[in-house]
Asks: 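First the structure, which I've put down as C-alpha cells, then a few questions once you've had a look.
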Amino acid sequence: MKIFTSFIIGLLVFDCNKQPIADNNPEPEEEQTADTSLRNLSPFPFGAAVNINLLKNRPAYRNLVIEEFNSVTAENAMKIRFIHPQQNTYDWADADYLVDFAEEHDMRVHGHNLVWHQNLPDWITSFQGDSAAWENIMKTHIQTVVTRYKGRVASWDVVNEALDNDGHGLRESLWLSNLGPDYIARAFEYAHEADPDALLFYNDYGNEFGPTKRNAIVDLVTGLKNRNIPIHGIGMQMHTRFNREDNFHEAAITSAAATGLMVHISELDIAVNPNNDPNLTYTPAIQSQQAQKYFHIARTFHNIADTLRHGITTWNVSDADTWITGRYERPDWPLPFDENYQRKTAYYRILEAVNP
Ligand code: G3I
C-alpha cells in the first residue's frame, strides 16, 4: 500500500513538474503516526514557506503542510511585486488564500516581506520623485498590507536584507538612495502604527557566514532596539550548506538570542551541492551529514530561552519545490522531505532535536 501511495504521489509530482523524479532517498523504516509530526512535537512553532500554486494544486504538498506545520510564510505571494503590481492596484488573491488556509488549519502566518531591494514592480523601479514621494510609497505600501491582515498575520519581516552581502555596510538599493539609512527605522514605525500587536522582524542571511556579517546584523538590530524602534525579532534565513562547521551555526543562533530579541530561523535549507556538481549523487553519507546539520541547528535553537523562540521555518517543503535547483541550475536535495513528499533522515533528526 505504501509503495502504491508513493507511486501515485510520484506520478502527481511528475505531472506538475514535468521533470523526472529521482528516488535517491529511500524512506526510513520508522512508521509515522498522526501525533508524531513537527507541529505536534515541537515546543515552538515549526513552519514552512509555501507556494500558493502548489498548495492549491498538488494534494501531496497540501496534505503534508497541513499535517506537519503550524506556521506558514508565503514564499512569494506577499512580496511587493506580486501583492502591489501597480501604484494603485493591490492583488490580494494569493495572500488571502494563504491566510484563510492558515486559519482553517490552526496555523500562524508570518508575513514576508514589506521592504526589500529585490522583487520590486516596474512602477517602483521606474518611479521618479523626491524623497517625500518615495517616503509615501514605502509608508503606503507597508500600512496598506499590514492593515489588511491586522490580527491575522502574527509577525512580519519588515525589512529584508538591508545589509550588503559581506556585512560591510548597508546595501545599495532604491530605498537607501531615495530615503537615506533611517528608512529601516521608519519602516518599523509605520508597520507598528498599522498593527501594534504584530511582531516585527529584521530578516537577513549570512549570520552563519562568520563574525563580520553576524556582528553587522546584531549591531543593526541592537541599534534599533536601543532607540526604542518597535523591533521584536531577528529573522535569520539560514540558507546554509551540509559541510559548514557547527560552530558557525551555533554562533549565529546564540548571538541573535543574546540581543534579547526573538529569534526566527526563517528560511532554513541545507544545500548538499554548493559546488554545483551537475553529476552529484545524493549518497547515504551526504544524507547523513546533512541530517546531522539539521539536528544541530534545530537542537541549538531548541536550547535558547523559550520566550525567544519564534520558531523554525524551512524554505518550502520538499526537494521537489526548493528554489535552489532552479536558481543555481544544479541537482540538490536541501529540504527534510524528498521529491515524493516522503520524510527523509533529516526530518527524523529534526524531530529528535526539538523533542529530546
Ligand atoms: O510568477 C512569475 C511568473 O509569472 C513568470 O512567468 C516567471 C518568469 O520568470 O517568474 C515568476 O516569478 C518568479 C517567482 O519566484 C515565482 O516563481 C520570479 O521570476 C523569481 O525570481 C522568484 O524567485 C523567488 C526569489 O525569492 C525572488 O523573489 C524564489 O521563488 C524565492 O524562493 C526567493 O526567496 C528568497 C526570500 O524571499 C528572501 N531570502 C532569499 C530567498 C531565496 O532567494
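Both counts, for ligands and for their atoms, begin at 1 and track the order of listing. Start at 1 with the first residue, then count along the sequence. Computation of the quantities below employed the complete heavy-atom set of this structure, encompassing side-chain atoms and omitting hydrogens, waters and symmetry-equivalent molecules.
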Asks: Who's the nearest protein heavy-atom neighbour of atom 41 (C) of ligand 1, and how far?
Replies: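 Of every protein heavy atom, Glu267 OE1, 3.4 Å lies nearest to atom 41 (C) of ligand 1.
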Asks: Considering both backbone and side-chain atoms of Trp323, is one of its nitrogen or oxygen atoms within less than 3.5 Å of a nitrogen or oxygen in ligand 1?
Replies: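 In this structure, Trp323 places no N or O atom under 3.5 Å from an N or O of ligand 1.
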Asks: Where is the nearest protein heavy atom to atom 2 (C) of ligand 1: which residue, which atom, and how far?
Replies: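 Heavy-atom neighbour on the protein nearest atom 2 (C) of ligand 1: Phe82 CE2, 4.4 Å.
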Asks: Pick one of side chain, backbone, both or neither for how Asn316 approaches ligand 1, counting any non-hydrogen atom pair under 4.0 Å.
Replies: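 Within the 4.0 Å criterion, Asn316 makes no contact with ligand 1.
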Asks: Is there any N or O on Trp116 that sits under 3.5 Å from an N or O of ligand 1?
Replies: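 N/O-N/O distance under 3.5 Å: no.
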Asks: Quick one: does ligand 1 sit under 4.0 Å from the side chain of Lys79, the backbone, both or neither, non-hydrogen atoms only?
Replies: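 Contact part for Lys79 vs ligand 1: side chain (C-beta onward).
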Asks: In this structure, which one of His112, His264, Gln237 forms a side-chain hydrogen bond (donor to acceptor under 3.5 Å, both in side chains) with Asp157?
Replies: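 That would be His112; it is the only one of His112, His264, Gln237 passing the side-chain hydrogen bond (donor to acceptor under 3.5 Å, both in side chains) with Asp157.
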Asks: At what distance is the nearest protein heavy atom to atom 32 (O) of ligand 1, and which residue and atom is it?
Replies: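 The protein heavy atom lying closest is Glu75 OE2, 2.5 Å.
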Asks: Does only the side chain of Trp315 get under 4.0 Å from ligand 1, or the backbone, or both, or neither? Count heavy atoms.
Replies: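 Answer for Trp315: side chain.
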Asks: If you group Ile, Leu, Val, Met, Phe, Trp and Tyr whenever their side-chain heavy atoms sit less than 4.5 Å apart, what else falls in with Tyr205?
Replies: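 Tyr205 shares its hydrophobic cluster with Phe209.
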Asks: Under the salt bridge (charged side-chain N to carboxylate O under 4.0 Å, His left out) definition, can you give me all pairs with a residue in residues 90-100, not counting sequence neighbours?
Replies: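 Qualifying pairs: Lys56-Asp94, Asp96-Arg148, Asp100-Arg152.
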Asks: Is the shortest distance from atom 15 (O) of ligand 1 to a protein heavy atom below 4.0 Å?
Replies: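 So atom 15 (O) of ligand 1 has protein heavy-atom neighbours under 4.0 Å.
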Asks: In terms of residue, atom name and distance, what is the protein heavy atom nearest to atom 30 (O) of ligand 1?
Replies: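 Here the nearest protein heavy atom works out to Asn76 ND2, 3.0 Å.
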